[in-house]
Structures are given as C-alpha cells and as structure tokens.
**Q** 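Pasting in a structure now, in structure tokens, and then I'll have a few things to ask.
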Amino acid sequence: MPQTPTLVAMFDSSSFNRNLYQTKEEESCSGLYYQDNNLLSGSLEALIQHLVPSVDYYPDRTYIFTFLLSSRLFIHPFELMAKVCHVCLEQQRQNEPGTDKSQLRKIAPKILQLLAEWTETFPYDFRDERMMRNLKDTAHRITNGDEMYRKNVQQIIQNLIRKLAALSQYEELIAKINAQSTDRMTVLKTKPQSIQRDIITICSDPYTLAQQLTHIELERLSYIGPEEFVQAFVQKDPLDNDQSCYGDRKKTRNLEAYVEWFNRLSYLVATEICMPVKKKHRARMIEFFIDVARECFNIGNFNSLMAIISGMNMSPVSRLKKTWAKVKTAKFDILEHQMDPSSNFYNYRTALRGAAQRSLTAHSNREKIVIPFCSLLIKDIYFLNEGCTNRLPNGHVNFEKFWELARQVSEFMAWRQVECPFEKDRKILHYVLTVPIFSEDALYLASYESEGPENHIEKDRWKTLRSALLGKV
C-alpha cells in the first residue's frame with residue numbers, strides 16, 4: 001500500500017472536508033446528504049455503496065475508518081463484508097458480457113487495498129470465522145484466480161493471522177498474570193510481615209518505576225482495538241429486527257483489561273502505603289509515589305499518574321493524618337491541581353493537548369509518548385454517543401456524529417502505536433503485575449491498625465474487619 005498521512009493527521013487537517021475523493025456524481029441524490037461538501041448523513045445501503053471502490057473511485061481513508069468503526073452499531077461486520085462482496089460482484093457483472101480484463105485489473109487492486117485496510121485497522125473483526133470465510137471468498141472472487149493478485153491476498157491473510165496470534169498470546173499472558181495475583185491478606189496469614197518485600201526494595205528510583213509503568217501502559221494500549229470504544233456502548237438498533245448478533249457485537253475484552261490494570265495500580269499504591277508498621281516508613285512510601293507520579297507526568301503517562309493519585313486519595317490512605325503530617329506535600333498538591341476534575345478536567349485536558357502537540361512534532365519515541373487518562377476518554381466517548389442520536393428522523397445514519405467519534409478514536413490509535421523507548425526491567429514488571437494487593441476491606445483494616453479509629457463508626461468497622469479478616473475479636 002502507498003505511504004499516506006496518519007489518520008489523526010488527516011482528521012486534524014484544516015483542508016479535510018470529510019470526503020476528499022468524492023467522484024461518484026450520482027451520490028448527491030442517491031441516499032447520501034452533503035452540506036458544504038461534507039457528508040452529514042445517509043441511508044445504510046448508500047453508505048455501504050460509498051465504501052466500495054469502482055474503476056474510477058476509491059473512498060477516502062478517513063471515510064473507510066469512520067464507516068468501519070461506526071457501522072457495527074447498525075450491522076455486524078460479517079454481514080457488512082458479505083454486502084461489500086455482493087456490490088463488488090454486481091460491478092463485475094455489469095462489465096459483462098465479455099468482461100474487459102483491463103477493467104477488472106483496474107478495480108481488483110482497489111478492492112484488495114480496501115480489504116488490506118480493513119484487516120490492518122480492525123483485525124479483531126476477523127476472529128469471527130464468518131469474517132475470515134467472507135474475506136477469503138471475496139478475495140478469491142475479485143482476483144478471479146489471477147496469479148498477479150494471489151500473492152497479495154496471501155500476504156493480507158498472513159499479516160492478519162500473525163496479528164490474531166499475537167492477540168491470543170497476549171490474552172493468555174494476561175490470564176496467567178491474573179491467576180498468579182492473590183489477595184495480600186491471604187499471603188499475610190501464611191507469611192510473616194517482617195519478610196514481606198515492598199516496592200522500594202525492588203525499585204528505589206522513581207524514574208525507573210515510572211518507565212516500567214509506561215511499558216505496561218503502552219503494551220496494554222497496543223492491544224485495544226479501536227472498535228472496542230464503540231462496542232462498549234452498542235445498543236439495539238431500532239431499525240434492526242435481528243437480536244441475535246447484539247451480544248456478539250459487545251466485545252471489549254482488552255479495554256476492560258486496561259481499566260482493570262488502572263484499578264490494580266491504584267490498589268497497589270494504597271497497599272504499599274498502608275502496609276508499613278512505622279509511620280516514617282509510610283511517609284517515605286507516600287513521598288516515593290509522589291515522585292513516581294511526577295515522573296509519569298513528565299513522560300506523558302497520564303493514566304499511571306491518575307492511578308497513583310487515585311490510590312493516594314483512597315479513604316484508607318487519606319485518613320492517615322499522622323502519616324501525612326510527616327510528608328512534604330507541595331509536589332503532590334501540584335499534581336492534584338493538574339488532575340483536578342473541576343471544569344471537566346480543564347487542567348488535565350490542557351496538559352494532554354500540550355503532550356499531543358509535542359508528539360506530533362517529535363523526533364524520538366520518548367517525545368511521542370501520550371498515554372491518556374483512559375476512564376475519561378471512555379467517558380467522553382460515552383457522552384458523545386449518548387448526546388447525539390445514531391439515526392435521524394428520516395432513518396438516515398447520523399454520520400456527522402461518527403466523524404467526531406472517529407476523530408477521537410483515531411487520536412488514540414496514533415498514541416497506542418508508539419514503541420516504548422525504555423529498557424525493560426523484568427523483576428520490577430513482575431512485582432508490579434503479580435504482587436498480592438489488599439482488597440478494600442483489608443486496606444481499611446491495615447489503616448486502622450496503623451492509626452486507630454477516630455470515632456464510633458470507625459471503631460465498629462474495625463472490630464467487624466478484625467473478626468472477618470483475621471478471625472480476631
């Protein structure tokens with residue numbers, strides 16, 4: 001495929017008019033609605049037709065991405081693939097009798113390019129056997145056994161199989177890591193606290209730990225399919241009578257794993273702070289994580305930054321007033337200000353824009369790193385989805401909404417492709433990913449054991465927790 005600008009650059013381009021290659025003259029009156037040369041809406045059938053190349057037409061990359069991303073709200077990908085195949089074959093039949101081979105040779109590479117873009121950008125669609133079948137069938141029919149294109153098809157399928165194999169390996173690894181991770185309270189009952197390790201014994205340098213957290217973030221980001229942001233909010237299409245594929249569309253496994261990682265990091269931070277018996281050790285741990293959070297901010301790793309701040313703001317940690325009295329909190333106050341949720345996270349969004357701008361002009365992977373606060377990105381997409389209807393009163397697909405959805409997701413796509421420039425430290429990574437952490441109840445118990453209850457409610461809770469978790473009264 002020819003080298004083209006990145007999707008995010010194309011979406012952000014001031015000259016982008018949302019349909020750069022509109023050459024099908026009849027489309028202005030065949031189910032697609034334009035305003036100022038921008039495609040705003042259309043019937044589903046017309047939008048599918050607009051996706052399929054012809055001898056003198058190839059859809060703009062931004063349209064391909066936007067439609068493949070959003071169409072799953074209305075039609076299952078395998079059904080879309082079948083319809084694309086049908087339109088392609090119809091075009092072939094129109095060239096008969098005596099099909100002009102030169103015409104076929106003009107259209108076949110374009111259709112193969114469309115299939116290549118689909119498999120490259122949305123490879124997880126093809127975990128469905130029906131999709132893989134349709135892909136092979138479409139490719140075979142279009143190339144018509146022509147040796148010239150057979151190798152192209154082979155390469156598309158081999159690249160796809162490689163991606164799907166890597167995804168399966170990643171999912172197996174995540175399952176293995178999750179299986180190893182146990183509740184810390186269970187470990188404490190069998191292993192004396194005096195020989196428990198803490199994170200500072202594994203990694204005493206905040207910058208090194210921030211780098212290793214960035215490794216985890218970028219790896220997990222890289223496996224999130226763009227379609228997962230849409231599938232998280234799939235609802236029944238009012239014009240679709242078939243309910244069978246609804247649940248099948250709602251696949252968000254890797255996005256969920258990423259949110260779980262955020263929660264794990266927050267609980268790890270809280271566990272490491274609540275574990276030490278001595279006040280000065282707890283204070284040192286808080287100061288250590290403040291420095292780690294600051295290094296995450298400098299790297300552009302906003303997700304780990306927010307997870308660390310969330311961990312330090314959990315009630316079992318924030319109630320440790322005697323511990324916090326020993327902490328120099330000036331740096332923490334600055335970080336909290338940066339991630340302040342007021343005015344819809346205005347300060348964070350400003351910092352994110354700055355990091356995104358730096359990434360666009362960067363010369364090294366180190367400067368390209370932008371790891372957004374994932375929960376807020378999901379929330380933004382949720383409100384965009386809830387705030388605008390998918391279909392207009394005339395039954396048309398509201399494509400204006402999906403341009404904006406695609407713009408947001410394409411930016412994420414650019415960020416997730418950055419390779420981590422830091423050297424891996426497997427010992428640190430293993431600790432962070434597998435060390436047992438406290439549950440919320442265990443955190444409260446550890447907190448009360450460190451600094452006693454301050455009122456009757458806390459005292460009652462402490463007694464209940466001691467009985468339930470330690471078997472003590």
Side-chain angles (χ1 to χ4, degrees), residues 1 6-7 64-65 68-72 76-81 114-136 138-139 153-181 213-234 245 247-264 303 365 369 371-372 374 377-378 381 406 409-420 424 426 429-430 432-434:
M1 285 173 60
T6 62
L7 274 171
I64 295 171
F65 178 74
L68 291 180
L69 178 71
S70 57
S71 61
R72 63 199 66 238
H76 196 290
F78 88 87
E79 293 174 306
L80 177 61
M81 176 71 82
L114 175 66
L115 296 178
E117 290 202 41
W118 194 334
T119 57
E120 183 68 28
T121 315
F122 298 94
Y124 302 169
D125 284 351
F126 296 86
R127 295 186 101 175
D128 185 332
E129 287 179 14
R130 296 168 296 186
M131 278 293 285
M132 196 64 95
R133 246 192 336 264
N134 281 345
L135 170 66
K136 290 175 180 176
T138 305
V153 172
Q154 236 174 2
Q155 188 176 7
I156 288 170
I157 292 172
Q158 280 172 359
N159 289 344
L160 176 59
I161 289 170
R162 198 160 46 240
K163 283 195 170 196
L164 295 180
L167 173 64
S168 293
Q169 281 183 332
Y170 165 74
E171 288 176 349
E172 284 170 17
L173 178 66
I174 296 298
K176 190 177 175 184
I177 287 170
N178 291 342
Q180 286 177 3
S181 184
L213 294 178
T214 303
H215 259 296
I216 296 168
E217 296 281 354
L218 286 173
E219 181 184 44
R220 298 205 172 196
L221 271 183
S222 71
Y223 284 100
I224 298 173
E227 70 281 358
E228 293 190 46
F229 288 102
V230 174
Q231 285 165 184
F233 308 119
V234 164
C245 65
D248 199 26
R249 276 185 255 175
K250 209 170 171 66
K251 292 176 182 172
T252 55
R253 191 183 304 169
N254 301 299
L255 188 58
E256 287 168 23
Y258 191 52
V259 172
E260 285 164 11
W261 151 247
F262 177 95
N263 294 336
R264 174 178 171 79
N303 201 55
N365 278 343
I369 296 171
I371 301 172
C374 188
L377 176 61
I378 294 170
I381 291 172
V409 175
S410 70
E411 197 168 37
F412 162 81
M413 291 281 288
W415 296 336
R416 74 167 198 162
Q417 286 165 2
V418 175
E419 285 187 30
C420 191
K424 270 189 179 181
R426 299 201 177 276
L429 289 172
H430 184 263
V432 170
L433 289 169
T434 64

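The chain is numbered in sequence order, starting from 1.
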**Q** Measuring from F122:CZ to R72:CZ, what's the distance to the nearest 0.5 Å?
**A** 5.5 Å
**Q** For the residue pair L164 and M132, establish whether any side-chain heavy-atom pair is separated by less than 4.5 Å.
**A** yes
**Q** So which heavy atom on F65 is nearest to which on A406, and how close?
**A** CE2-O, 3.6 Å
**Q** Mind checking what makes side chain to side chain contact (heavy atoms under 4.5 Å, CB included) contact with N365, not counting sequence neighbours?
**A**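 Applying side chain to side chain contact (heavy atoms under 4.5 Å, CB included) to N365 gives K368, V418, E419, P421.
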**Q** Does the plane of the ring in Y223 sit parallel, tilted or perpendicular to the ring in Y170? Use 30° and 60° as the thresholds.
**A**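 Aromatic pair Y223/Y170 classed parallel.
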**Q** I want to check something: taking the side chain as every heavy atom from C-beta on, are L135 and L115 in contact at a cut-off of under 4.5 Å?
**A**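 Yes, at least one pair of side-chain atoms sits under 4.5 Å.
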**Q** For a 4.5 angstrom cut-off between non-hydrogen side-chain atoms, does L221 reach W415?
**A** no
**Q** So, T121 and E117: side-chain donor and acceptor under 3.5 Å apart, yes or no?
**A** no
**Q** Under 6.0 Å from the CD atom of Q154, do we count more than 12 heavy atoms belonging to anything else shown?
**A** yes
**Q** Please tell me if the side chains of F126 and M81 come closer than 4.5 Å, counting only heavy atoms from C-beta onward.
**A**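 In contact.
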**Q** Going by the rule side chain to side chain contact (heavy atoms under 4.5 Å, CB included), which residues pair with E171 if we only count those two or more places apart in sequence or in a different chain?
**A**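 Per chain and number, E171 pairs via side chain to side chain contact (heavy atoms under 4.5 Å, CB included) with R127, L167, R253, N254.
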**Q** Go through the structure and list residues passing side chain to side chain contact (heavy atoms under 4.5 Å, CB included) with R133, not counting sequence neighbours.
**A**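 Per chain and number, R133 pairs via side chain to side chain contact (heavy atoms under 4.5 Å, CB included) with E129, R130.
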**Q** CD1 of I371 to CG of L218: how many Å apart, nearest 0.5 Å?
**A**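 Spacing of CD1 (I371) from CG (L218) equals 4.0 Å.
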